[in-house]
Chemist: 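Mind looking over this structure? Questions follow.
Atoms considered below: every heavy atom in the structure, side chains included; atoms not considered: hydrogens, waters and symmetry mates.
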Amino acid sequence: MKNPKKQAQGSALITLLGGILILIAVLFLLVKLATTKYEGDVAETTEDATETRIMPVGRLVEGDGTEPGQRTGQQVFDKVCVQCHAADASTAFSPKITHNDQWAPRIAKGFDALLNSAINGFSGPEGGNMPAKGGASDLTDEEVARALVYMANKSGANFSEPQAGGAATAAASDSAASGATADAGAAGEAPKAEGKAEAKAEGKADAAPKADAAAGKAIFDKTCFACHGASSAIPNIPRITHKDEWAPRLKAGKDTVYKHAISGFNAMPARGGNPDLSDDEVKAAVEYMLKESGL
């Protein structure tokens with residue numbers, strides 16, 4: 001029979017030796033890891049690999065993250081056009097998506113005519129004013145064309161979506177060519193026009209009239225009503241007679257409100273999309289809306 005005392009001593013010795021061996025192995029691996037150098041082939045280091053290694057941890061992406069010129073028709077519609085062309089929009093004179101009866105007369109004019117109005121803006125004879133590119137100047141002509149096709153095809157048309165450099169570019173080129181022809185024709189009349197313009201400017205400078213309340217109402221009815229009307233359904237836009245919607249904006253000061261109206265702010269185009277308005281006329285329209293809103 002084995003001696004229990006000797007057996008216990010033997011087990012303890014084996015455990016001790018095993019622990020020492022494990023400790024030595026761990027120390028060896030740590031030393032090996034600390035002293036090992038990474039050697040790479042510099043010739044195999046590509047430019048993309050370098051950019052990836054030095055890329056910041058965080059990245060700021062503006063807008064929806066889509067590269068300029070690559071937005072689909074639906075993306076442009078959801079971000080820009082929906083404000084006036086949504087199926088349930090209350091904007092006057094603008095054709096609503098899926099309302100075939102509103103689009104039919106416009107579709108009959110042809111894609112090129114529609115695209116020209118969408119890119120360069122359009123003022124209706126009975127009212128209504130669409131700013132160039134829906135007020136989103138960062139859109140490319142192709143993106144505007146895709147949005148137009150998206151809306152029209154859901155409203156009874158059967159247009160083909162233009163490819164990059166296609167119909168949209170051609171329409172823009174035609175517009176530029178027409179502008180160049182007009183400029184050339186006007187060059188001969190430049191001296192006369194210049195003289196008249198100077199006389200007119202002098203007359204304005206002498207009189208220095210400011211747009212009054214009546215003018216403000218007229219501008220509102222023609223330009224601002226579509227978005228700022230009392231029953232407008234466009235989100236995040238202060239509506240006339242709604243004091244609670246205007247009051248927070250006045251906290252920044254009336255000059256700031258003027259500046260936003262003149263230069264544009266977020267989705268609102270400069271001067272409400274009507275570049276012919278003077279600063280005083282824009283201010284008169286703002287004053288009219290504020291007054292009608294009890295401010």
Chemist: Is there a side-chain contact between Asn100 and Ile107 in this structure, where contact means two heavy atoms from C-beta onward sitting under 4.5 Å apart?
Modeler: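 Not touching, per the 4.5 Å side-chain cut-off.
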
Chemist: Applying a strict under-4.5 Å side-chain criterion to I, L, V, M, F, W and Y, I'd like to know whether Ile262 and Leu277 cluster together.
Modeler: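 Cluster IDs for Ile262 and Leu277 match.
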
Chemist: Does Glu292 pair with Lys217 as a salt bridge, N-O distance under 4.0 Å?
Modeler: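 Answer for the salt bridge query: no.
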
Chemist: Going by heavy atoms in the side chains, are Gln83 and Ile237 under 4.5 Å from each other?
Modeler: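 Result yes, sub-4.5 Å side-chain heavy-atom pair found.
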
Chemist: About how many Å separate OG of Ser94 and NE2 of His99, when rounded to the nearest 0.5 Å?
Modeler: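 His99 atom NE2 to Ser94 atom OG measures 10.0 Å (nearest 0.5 Å).
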
Chemist: Give, for atom CD1 of Ile219 and atom NZ of Lys283, the distance between the pair rounded to the nearest 0.5 Å.
Modeler: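 One gets 12.5 Å once the value is rounded to the nearest 0.5 Å.
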
Chemist: When you look at Gln75 and Tyr150, which way does the side chain to side chain donor-acceptor pair (under 3.5 Å) test go after all the steps?
Modeler: CA-CA 10 Å; Gln75 283 179 304; Tyr150 174 79; over 6 Å; no

Chemist: With Val76 as reference, evaluate Thr140, Leu148, Val82, Leu139 under the side chain to side chain contact (heavy atoms under 4.5 Å, CB included) test and give the passing residue.
Modeler: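 Between Val76 and the candidates, side chain to side chain contact (heavy atoms under 4.5 Å, CB included) is satisfied uniquely by Leu139.
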
Chemist: Looking at Asp78 and Arg71, is any side-chain nitrogen of the basic one under 4.0 Å from a carboxylate oxygen of the acidic one?
Modeler: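 Salt bridge absent between Arg71 and Asp78.
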
Chemist: Using modelled atom types and a 3.5 Å cut-off, is there a donor and acceptor pairing between side-chain atoms of Trp103 and backbone atoms of Thr98?
Modeler: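 Absent.
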
Chemist: Under a 4.0 Å N-O cut-off, is there an ion pair linking Asp279 with Arg271?
Modeler: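 Result for this pair is yes, salt bridge flagged.
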
Chemist: So do the side chains of Leu13 and Leu17 get within less than 4.5 Å of each other, counting heavy atoms only?
Modeler: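 Yes, their side chains come closer than 4.5 Å.
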
Chemist: Mind checking whether Cys81 and Met151 have side chains closer than 4.5 Å, heavy atoms only?
Modeler: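 With C-beta onward as the side chain, the pair touches.
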
Chemist: Compare all side-chain heavy atoms of His85 with those of Pro95 and state whether any distance is below 4.5 angstrom.
Modeler: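 Yes, close enough: below the 4.5 Å cut-off.
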
Chemist: Would you mind checking if Asp141 and Lys133 are paired as a salt bridge, meaning a charged N to carboxylate O distance below 4.0 Å?
Modeler: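 Yes.
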
Chemist: Would you say the side chain of Ser293 lies within less than 4.5 Å of the side chain of His242, judging by non-hydrogen atoms?
Modeler: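 A side-chain contact is absent here, since even the closest heavy-atom pair is not under 4.5 Å.
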
Chemist: Does Asn158 CG have over 12 foreign heavy atoms under 6.0 Å away?
Modeler: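 Counting neighbours around CG of Asn158, 12 or fewer heavy atoms of other residues, nucleotides or ligands fall under 6.0 Å, so no.
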
Chemist: Which heavy atom in Ile97 sits nearest to a heavy atom in Ala86, and how many Å separate them?
Modeler: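 Heavy-atom minimum between the residues: CG2-C, 4.0 Å.
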
Chemist: Do Glu287 and Phe220 have side-chain heavy atoms sitting under 4.5 Å apart?
Modeler: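 Counting from C-beta outward, Glu287 and Phe220 never come under 4.5 Å.
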
Chemist: Sequence neighbours left out, what passes side chain to side chain contact (heavy atoms under 4.5 Å, CB included) with Val149? Give chain and number order.
Modeler: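 Expected list: Phe111, Asn153, Phe159, Glu161, Pro162.
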
Chemist: Which pair of non-hydrogen atoms, one from Lys96 and one from Ala89, has the smallest distance, and what is that distance?
Modeler: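 Heavy atoms of Lys96 and Ala89 come nearest at CE-O, 3.1 Å.
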
